[in-house]
Trainee: 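Below: one structure in structure tokens.
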Amino acid sequence: MDDWEHLKAVAAGAQARAHAPYSGFQVGAALECRDGTVVEGANVENASYGLTICAERSALAAAVTGGRREFQRIVIHTSADGPVAPCGACRQMLCEFAPDLEILSVYDGGEAHWVLSELLPHPFRAGGLGRGALPSES
Ligand code: THU
């Protein structure tokens, strides 16, 4: 699947269901798996602010729970004035499974595109750089 329209629509739908009463900043994500499945995620905040989970990690956790570990693309959907790139924690989590993930950030009035390896060129890996992301790849 080459066009991004379906992923954008799924991410927009997830954004509308985000639970963000504290920041007021709703984020939706649509994570495309290698088999074509699209898994959605939204940020879920909490009265104990630090427990918040971002939309990207929410989608990733759902996908892995569903038995999927290979990912091609993710769309992040917000109503911000400019592009929102995944936070550092989400970059690291996504990198575990998809270091070359394509990322499209859709915001109010435009979009931006990156590859995860551009945003996180030196991810943490147990054992040091040069090893695979997963223990079995070392
Ligand atoms: N947030 C995401 O969902 N994804 C990001 O990449 C950055 C931030 C959420 C977390 C919090 O609920 C709100 O945006 C404001 O930081």
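In each ligand, atom 1 is the first atom listed, and ligand 1 is the first ligand listed.
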Trainee: Got H113 and W4 here, is their nearest side-chain heavy-atom distance under 4.5 Å?
Mentor: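 Touching, per the 4.5 Å side-chain cut-off.
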Trainee: Using side-chain contact (heavy atoms from CB on, under 4.5 Å) as the criterion, list what pairs up with E56, not counting sequence neighbours.
Mentor: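 Listed in chain order: C54, I74, I76, P86, C90, L94.
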Trainee: Partners of D81 by salt bridge (Lys or Arg N to Asp or Glu O under 4.0 Å), sequence neighbours excluded?
Mentor: none
Trainee: Applying side-chain hydrogen bond (donor to acceptor under 3.5 Å, both in side chains), which residue pairs with at least one partner in residues 38-48 are found, sequence neighbours left out?
Mentor: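 Those involving residues 38-48 are R17-E40, S23-E45.
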Trainee: Whether the side chain of E118 engages the backbone of V115 through a donor-acceptor N/O pair (distance < 3.5 Å, no angle test) should be reported.
Mentor: yes
Trainee: With a 4.0 angstrom cut-off on heavy atoms, strictly below it, pick out the residues next to ligand 1 and order them by chain and number.
Mentor: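 Within the 4.0 Å shell of ligand 1, which is judged on heavy atoms, sit S23, F25, V27, N43, E45, T52, C54, A55, E56, A85, P86, C87.
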Trainee: Quick one, L60 and F71 - any side-chain contact, counting heavy atoms below 4.5 Å?
Mentor: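 In short, these two side chains touch, coming nearer than 4.5 Å.
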